[in-house]
Number of protein chains: 2
Amino acid sequence: MAKRSYGQYCALAQALDVVGERWTILIIRELLIRPRRYAELLQALPGVGTNLLADRIRQLMEAGVVRAADVHDRRSGYELTTRGEALREPVLALARWGLETMTEQARSGHVTPGWAQLGVEALIDQARVPDVDECYMMNVDDEIFTIVVSNGHARIHRGPVDQPTITISTDAMTMIDIGSRKLDPIAALADQRVSVIGRADAMPRFLHLLGLYGPSSHLTNARQTAAGQAGR
Amino acid sequence: MAKRSYGQYCALAQALDVVGERWTILIIRELLIRPRRYAELLQALPGVGTNLLADRIRQLMEAGVVRAADVHDRRSGYELTTRGEALREPVLALARWGLETMTEQARSGHVTPGWAQLGVEALIDQARVPDVDECYMMNVDDEIFTIVVSNGHARIHRGPVDQPTITISTDAMTMIDIGSRKLDPIAALADQRVSVIGRADAMPRFLHLLGLYGPSSHLTNARQTAAGQAGR
DNA sequence: CTGCATCCGCCTCGATACTG
DNA sequence: CAGTATCGAGGCGGATGCAG
């Protein structure tokens, strides 16, 4: 029962003593997407084993990374603490690295819309934010999240907005195919694997924000072309 | 022998399939510091087990993260590939998170100068780079590395420079104490745990670069106070 | 029915011994 | 020096049981 430790006075080893064991970071991934109940975590993590999940949650709570919280009505659930939320950057950085590792055979694995959302979030490049205020609503397998661009900064949040500049609908696997550069977004549109509603000129800006389109940054400087419109 | 996999079509899970097993990220940490020979890795990772180390190295080579290389004279050794070097950001992000987790009792663990170097690198904040070109040479337990500030950008590299603005000498544990904010750098100077040679006015700029000093950013704007000096 | 705890087979881990 | 071979202990994964 004594927790295994690397026994090193090193920031990285200390971090791994907390989140380095099997399944732990994937539990945190799920809670980075949204708070969850125990059964939801079990479902999102096929193969985890009920005892192991309970153990991990307990360790994360003791480490101050996760706390109990009300999810849905008044059932028991879990959410990240401030300290756990601080893992978003490290986790997104790892996911960004992993996007380049996605093998073709991995496509036979499990997929959820939340993972596509996290992949999009990992791709957002604050150095490529367009000079217009607008927002891109995404409907991935009927789970909705939105990227809001305002004042030169891009943010992502769950749920819809009233007046999205464009609404992009697709499925999780397609979105991950695109994010991992195995599928060209324009080809995906042509194949009807992705549909877009709204101002068509926002699409290249959206793709450029994710680093998926445009060798140069000339699209981001088209400040005048689409100014003063809906956006939230 | 079949590698265990999470079986998820998710960038994070894919990354963890490659670097998520026990010891793997710590091996990468060592290679991020510098190329190593097999025996050096064994020594830097107490408790790893020779077979496991060989297994992990083999897996990392198959994944294209590590390759064999000449280290020192003409002995066999290992270094990161370009793909492995791309793990620097995720690993530093995790270390940055871990710096806040360092417990007092962790100080009984093993320490090496390389880990202190990585801690310093994790703390470097490109938004706090001073407006002067200078460089800070660090001597940690007789291992030397240097932070070079030029053109508004800070870089770190192993080894000395000819004309450091300041030279900071200390031991690894003290440096990690400071980086994890358990020890005030000024107090460490007073206690002789750290010694500084060179232009004393560079010290607050150095500490501010690491986010260890100064509540505001007024030090970074002191462009005139220390312009046009050595610093290579 | 959800949220776990218990039990069990297996595989990974970690230590030691051994070989090219 | 750079690993391979071996083996006990324990973490992991799956099935089942039970309490709120």
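Note on naming: letters A, B, ... go to the chains in the order of the sequence lines (proteins, then strands), and numbering restarts at 1 for each one. Source: prediction; values computed, not measured.
Near DNA chain C, meaning a heavy atom under 4.0 Å away, there are no residues from residues 25-32 of chain A. Looking at residues 39-54 of chain B, you'll see A39(B), T50(B), N51(B), A54(B) sit with a heavy atom under 4.0 Å from some atom of DNA chain D.
Residues forming a ring pair (Phe, Tyr, Trp, His ring centres under 6.0 Å) with Y9(A) (at least two apart in sequence, or on another chain): none. Scanning for ring pair (Phe, Tyr, Trp, His ring centres under 6.0 Å) contacts around W115(B) gives H110(B), with sequence neighbours left out. Remark: Q117(B) engages no residue in a side chain to side chain donor-acceptor pair (under 3.5 Å) (not counting sequence neighbours). Among residues two or more places apart in sequence or in another chain, the side chain to side chain donor-acceptor pair (under 3.5 Å) test is passed with E79(B) by R67(B). Residues forming a side chain to side chain donor-acceptor pair (under 3.5 Å) with R37(B) (at least two apart in sequence, or on another chain): none. For Y6(B), the ring pair (Phe, Tyr, Trp, His ring centres under 6.0 Å) partners two or more places apart in sequence, or in a different chain, are W23(A).
The side chain of W23(A) contributes an N or O atom lying less than 4.0 Å from OP1 or OP2 of dG13(D). Neither OP1 nor OP2 of dC12(D) sits under 4.0 Å from any side-chain N or O of Y6(B). Proximity of Y78(A) to the phosphate of dC4(C): a side-chain N or O atom is located under 4.0 Å from OP1 or OP2. Of the side-chain N and O atoms in R37(B), none sit less than 4.0 angstrom from OP1 or OP2 of dG3(D). Look at R22(B) and you won't find any side-chain N or O under 4.0 angstrom from OP1 or OP2 of dG11(D). OP1 or OP2 of dT4(D) sits under 4.0 Å from a side-chain N or O of R58(B).
Rounded to a whole Å, the CE atom of M61(B) is 13 Å from the C1' atom of dA2(D). Look at CG on D55(B): it is 15 Å from P on dC11(C), rounded to the nearest Å. Put simply, CD on E21(B) is 8 Å from P on dT12(C), counting in whole angstrom units.
The local environment of CD in Q43(A) is sparse, with at most 12 non-hydrogen atoms from other residues, nucleotides or ligands closer than 6.0 Å. In the displayed structure, Q126(B) atom CD is contacted under 6.0 Å by more than 12 heavy atoms of other residues, nucleotides or ligands.
The salt bridge (Lys or Arg N to Asp or Glu O under 4.0 Å) analysis of residues 166-183 of chain B, with sequence neighbours excluded, yields the pairs R107(B)-D177(B), D177(B)-R193(B). For residues 137-146 of chain B, the set of pairs meeting the side chain to side chain donor-acceptor pair (under 3.5 Å) definition, not counting sequence neighbours, comprises R34(B)-E143(B).
When the C1' atoms of four end pairs are superposed on the next four at each end of the helix from dC1(C)-dG20(D) to dG20(C)-dC1(D), using five pairs per end, the two resulting axes differ in direction by 30°, to 10°.
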Atom pairs and distances, side-chain donor-acceptor, residues 91-99 of chain A, under 3.5 Å, sequence neighbours left out:
residue	atom	partner	partner atom	Å
R96(A)	NE	A122(A)	O	2.7
W97(A)	NE1	R83(B)	O	3.0

